[in-house]
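The structure appears right after this line, and notes come after that.
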There are 2 protein chains.
Amino acid sequence: MGDLALWERFQKYLLVCDTVGVTVDISRMKFSDAFLKEKDADIRKAFVKMDELVKGSIANPDEKRMVGHYWLRDSSKAPSADIKKEIDSCLANMKKFAKNVHSGKIKPQKAKLFKNVLVIGIGGSALGPQFVAKALGTVNDKMKPYFFDNTDPEGMDNVIAAIGAGLKETVVICISKSGGTKETRNGMLEAKKAFEAAGLKFEPHAVAVTQDGSDLDKYAITNNFLARFPMWDWVGGRTSELSAVGLLPAVLQGLNIQGMLDGAKAMDAVTSVKEPLKNPAALLALMWYHAGDGRGKKDMVILPYKDRLELFSKYLQQLVMESLGKEKDLDGKVVNQGIAVYGNKGSTDQHAYVQQLRDGVNNFFITFIEVLKDRDGKSLLVEPGATSGDFLNGFHQGTRKALYESNRENITITIDQVTPQSVGQLIALYERAVGFYGTLVNTNAYHQPGVEAGKKAATGVLDLQHKIVAHLKKHKSEKHTVADVANHIGAKNEIETIYKILQHLTANPKDHGIKKTAKAGGSVFEATYSA
Amino acid sequence: MGDLALWERFQKYLLVCDTVGVTVDISRMKFSDAFLKEKDADIRKAFVKMDELVKGSIANPDEKRMVGHYWLRDSSKAPSADIKKEIDSCLANMKKFAKNVHSGKIKPQKAKLFKNVLVIGIGGSALGPQFVAKALGTVNDKMKPYFFDNTDPEGMDNVIAAIGAGLKETVVICISKSGGTKETRNGMLEAKKAFEAAGLKFEPHAVAVTQDGSDLDKYAITNNFLARFPMWDWVGGRTSELSAVGLLPAVLQGLNIQGMLDGAKAMDAVTSVKEPLKNPAALLALMWYHAGDGRGKKDMVILPYKDRLELFSKYLQQLVMESLGKEKDLDGKVVNQGIAVYGNKGSTDQHAYVQQLRDGVNNFFITFIEVLKDRDGKSLLVEPGATSGDFLNGFHQGTRKALYESNRENITITIDQVTPQSVGQLIALYERAVGFYGTLVNTNAYHQPGVEAGKKAATGVLDLQHKIVAHLKKHKSEKHTVADVANHIGAKNEIETIYKILQHLTANPKDHGIKKTAKAGGSVFEATYSA
């Protein structure tokens with residue numbers, strides 16, 4: 001297709017969403033008009049199902065739950081007055097809490113003002129808050145955000161060290177929808193220990209975000225946490241950024257959460273348009289389907305040309321992959337669906353892997369995210385007539401062109417600048433696109449049954465560890481091979497897991513007192529272990 | 001395969017590299033003995049080619065270059081006395097420079113001591129330094145690292161704001177092998193402007209790492225930079241972490257660069273073993289081949305269970321994808337090779353996309369990186385008999401098991417702890433594996449011809465911008481549609497690019513003075529532009 005024909009196609013398909021200042025360009029996706037016709041009925045079915053979802057249908061049938069993240073930014077859409085009231089009062093309470101924290105009305109026990117916020121959460125309780133903190137944060141924020149997003153002991157030690165003496169000025173937000181997430185529970189206890197080591201009480205610094213009546217909720221009540229904010233069973237973790245999960249850290253940081261909500265609400269209106277070519281979320285879902293033949297045959301590479309949006313692809317990894325990566329469709333048929341997502345930022349990634357994207361295996365499509373405004377104020381000319389931002393733009397356009405010439409498809413989403421509003425819009429756009437795509441491929445985009453298997457297996461590993469340690473302690477000073485241990489604790493079949501647990505235990509001898517003795521000249525499998 | 005048969009397979013294939021403390025487990029890759037036999041000759045050919053490379057062959061035939069990153073950690077392997085001398089003296093000079101900076105013998109003009117290091121680089125000149133800074137850094141480092149790794153104006157503003165008053169205590173390292181990388185040049189000029197705005201001279205804070213005689217080198221000489229360190233044409237950007245590119249930032253930060261070099265050298269010895277099953281890099285290359293059928297049919301997911309290693313997958317994205325993502329093989333045949341790489345860290349990613357990995361599209365294989373030691377000191381028990389690190393280990397084992405049960409293949413690399421030595425080992429292991437794989441699929445792993453197209457297209461975009469701005473300024477106060485502009489500057493075919501340039505120009509009116517006027521009731525394509 002020649003340049004002028006491409007320009008025609010560009011003009012024909014460019015979707016300019018005036019009310020939100022977002023444009024979506026699908027001209028470099030090589031779909032045909034026949035494809036759009038073929039999918040017309042399906043995408044319209046997705047519109048109907050989305051309307052039902054927004055009205056409060058049991059859109060997550062496996063878990064028998066409503067799916068209510070759209071109500072968070074427009075509580076008038078909530079299916080009951082009670083839910084509306086809960087949303088409104090939670091929002092008002094968060095704003096009030098942040099105001100009181102910022103003014104010093106709510107203050108730490110041994111300092112004048114809270115200046116840091118440590119968010120303890122994982123998955124949906126960390127990825128959204130991290131994305132937003134980086135996208136909208138500045139050095140002048142009211143509070144500085146830190147994260148425990150894992151159960152890595154050294155990782156947590158490093159965060160505590162980075163906070164340093166600031167711990168006494170730190171609010172800790174423990175976020176777990178279920179209230180039983182082990183990583184978060186561990187993080188909370190590690191934080192508590194760090195506070196106590198610094199001569200501080202943990203509880204007057206601690207806030208819980210969780211469902212009413214959960215283990216975390218009970219713990220927060222019993223231990224007199226500074227505050228509690230609700231999660232609801234109709235908000236999924238990966239769509240919780242605009243609930244207290246995302247908004248509480250953001251409002252404490254000093255970000256404009258009302259702007260985020262307004263942006264999302266405005267985007268929801270745009271993605272409610274019933275004309276596929278005028279609905280940006282429908283366009284995305286259709287293009288994903290086109291690219292991967294409705295089977296995820298192509299990876300989704302996300303390349304925002306803006307440092308602030310660097311964590312967007314990590315956020316989307318969860319939103320897209322956890323929503324769409326499913327074994328069975330809604331009829332119970334095995335389909336092994338999903339779309340792999342990766343990417344960091346441009347033009348940086350051009351120097352990392354655009355070599356492969358242009359020349360190598362053609363197993364992906366790119367979504368460029370273009371931000372038109374370069375910076376506040378006037379830019380330096382780095383060459384006659386060119387700024388750093390002109391180069392960034394040039395690299396983006398150049399890469400788009402070079403990839404298309406090499407038969408690699410791409411989408412461009414353009415926003416004016418990174419603001420609370422546009423961040424809310426991007427979140428809402430992808431939330432809706434994922435929902436539509438779920439309908440196109442007939443899967444439940446709102447559950448995550450595959451996560452359980454790993455958790456169950458992990459519990460099995462810990463149970464085995466308890467048995468191993470108990471056995472070795474009972475037979476103190478005796479030396480046991482891994483085969484001995486497996487035999488004696490009645491877990492012959494688990495010998496490999498036992499071997500691996502023993503390697504971890506003996507690398508941390510201070511914790512459970514287990515030591516390894518290598519066999520001189522023997523293999524690693526002949527080493528012995530003792531308490 | 002039952003648990004005990006798996007234990008047999010595990011014992012059979014577990015490669016324990018005693019001298020470096022690294023083990024590689026390929027038992028969960030479902031290759032057959034026949035596959036190993038079939039590939040035996042090819043991997044042995046890779047051994048031969050690697051030996052030739054290390055001896056100084058023109059291993060990068062397109063660019064007619066030697067490939068010498070292995071000499072960096074063992075200069076006695078260098079093919080000439082001159083090269084050996086250059087490597088040795090560069091290393092000695094870096095150590096001396098850092099010592100003098102740390103002691104205050106070399107000090108800033110308006111402060112007592114340099115406390116920060118701002119690295120300006122992109123691609124291979126940023127990914128390695130960033131990975132190592134995070135993997136080995138602590139709050140007690142001698143200097144704090146910052147990065148400009150893009151040409152995003154706002155991104156650079158944010159870094160300067162984060163450094164704040166510390167700018168007067170900041171060494172700036174400008175890194176560009178070619179000395180002509182635009183992003184790095186822009187970053188240098190933006191940094192210079194920031195220094196001057198703070199009343200500081202830039203040049204006495206500035207260090208260059210580049211090839212002798214490059215534009216950057218000349219600039220550094222002319223402007224009396226604080227210091228210059230060499231790059232050589234026989235070191236590629238993506239394998240430059242153990243040259244001045246990676247070592248200078250690291251030694252200034254206060255990291256043990258000799259430990260990194262020692263680790264890499266020790267790993268090079270292990271990956272020089274001529275027995276495929278006893279060579280960990282050969283094992284990796286063979287498993288990549290097995291997983292993706294030698295065509296990159298499966299993505300490589302990298303999951304280190306350690307926060308410190310979070311940036312390893314970004315580092316590997318470049319190393320693997322830029323090395324292996326090639327259009328043609330060494331015989332000129334179009335092959336569109338490559339392996340897509342993504343991942344962050346465990347157990348965090350379990351809460352993001354393990355849902356898809358277990359249940360969804362089976363288009364990947366995982367490499368787990370396991371770190372046995374949890375932290376310095378004794379851990380808190382978060383439950384009776386279990387630490388946070390026990391949970392991390394449990395989640396890793398559980399996920400490995402659940403994925404394998406679901407027919408998803410995986411590799412595990414185990415190290416004792418994250419140290420300068422083990423970081424050097426991991427880098428060296430993957431450098432070698434990439435080289436071996438290149439031979440297995442008969443491609444040049446050391447060039448990057450596909451990067452040029454995007455750069456050229458970007459230059460075209462900037463040229464067009466100059467013409468647009470010149471035209472609008474010449475006809476000041478006249479209003480031009482995009483079609484007018486395209487006609488008048490004689491670039492009708494480029495009308496779409498012109499349209500996109502105009503959107504960027506008018507979003508930054510202070511820079512070039514170009515304004516947009518929307519047409520009332522008209523489409524975006526009917527807007528007019530004027531200077």
Side-chain angles (χ1 to χ4, degrees), chain A residues 3 7 122-123 139 150-155 161 186 189 296 307 318 321-322 325 327 338 342 348 351-353 355-356 358-361 372-375 378-379 382 385 388-389 391-395 397-399 401-402 448 450 453-454 457-458 461-462 466 493 495-496 504 507-508 510-511, chain B residues 3 7 122-123 139 150-155 161 186 189 296 307 318 321-322 325 327 338 342 348 351-353 355-356 358-361 372-375 378-379 382 385 388-389 391-395 397-399 401-402 448 450 453-454 457-458 461-462 466 493 495-496 504 507-508 510-511:
Chain A
D3 290 342
W7 169 237
I122 194 165
V139 287
N150 197 1
T151 180
D152 172 18
E154 194 185 10
N186 296 354
L189 296 175
D307 291 354
Q318 186 196 29
M321 295 176 76
E322 200 170 54
E327 184 187 16
Y342 66 91
T348 306
H351 294 258
Y353 58 79
Q355 165 63 36
Q356 174 164 320
R358 182 171 148 95
D359 281 3
V361 55
L372 292 174
K373 184 179 166 181
D374 291 336
R375 62 160 38 119
K378 188 174 157 71
S379 275
V382 291
S388 293
F391 272 90
L392 188 66
N393 179 60
F395 288 130
Q397 307 306 340
T399 299
K401 191 167 185 163
Q448 52 284 329
V461 172
L462 283 164
H466 293 317
N493 280 347
I495 183 165
E496 183 180 315
H504 178 251
N508 299 280
K510 287 179 192 166
D511 290 336
Chain B
D3 290 342
W7 168 238
I122 193 164
V139 288
N150 196 2
T151 181
D152 171 19
E154 193 186 11
N186 296 353
L189 295 175
D307 291 355
Q318 186 195 29
M321 295 176 77
E322 200 170 55
E327 183 187 17
Y342 65 91
T348 307
H351 293 259
Y353 58 78
Q355 164 63 36
Q356 174 165 319
R358 183 171 147 94
D359 281 3
V361 55
L372 291 174
K373 184 179 165 180
D374 291 336
R375 61 157 46 114
K378 188 174 157 70
S379 276
V382 292
S388 293
F391 272 90
L392 188 66
N393 178 60
F395 288 130
Q397 307 306 342
T399 299
K401 192 167 186 164
Q448 51 284 329
V461 171
L462 282 166
H466 294 316
N493 280 348
I495 184 166
E496 182 180 317
H504 178 251
N508 299 281
K510 287 179 193 166
D511 289 336

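Every chain is numbered from 1, with letters handed out A, B, ... down the list of sequences.
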Shortest non-hydrogen contact from A:Asn186 toward B:Ser388: CB-OG, 3.6 Å
Heavy-atom pair count under 4.5 Å with chain B, highest-scoring of A:Lys373, A:His504, A:Arg358: A:His504
Contact origin within B:Leu189 toward chain A - heavy atom pairs under 4.5 Å: both
Among the listed options B:Ala161, B:Gly450, B:Gly394, the residue most often paired with chain A at heavy-atom distances under 4.5 Å: B:Gly450
A:Asp511, part contacting chain B, at a heavy-atom distance under 4.5 Å: both
Minimum heavy-atom distance A:Tyr342-B:Met321, with the two atoms named: OH-CE, 3.5 Å
Chain A contact via B:His466 - side chain, backbone, both or neither, heavy atoms under 4.5 Å: side chain
Least distance between heavy atoms, B:His351 atom then A:Gln318 atom: O-NE2, 2.9 Å
Nearest heavy-atom neighbours spanning B:Arg375 and A:Glu154: CB-N, 4.1 Å
Heavy-atom proximity to chain B below 4.5 Å, by part of A:Val361: both
Contact class of B:Lys378 relative to chain A, heavy atoms under 4.5 angstrom: both
Max heavy-atom pair count under 4.5 Å with chain B, selected residue of A:Val461, A:Thr348, A:Asp3: A:Thr348
Contact origin within B:Asn150 toward chain A - heavy atom pairs under 4.5 Å: both
Greatest number of heavy atom pairs closer than 4.5 Å to chain B - which of A:Asn393, A:Thr399, A:Asp374: A:Asp374
Between B:Ala402, B:Gly325, B:Gly155, the one whose heavy-atom pairs under 4.5 Å with chain A are most numerous: B:Gly325
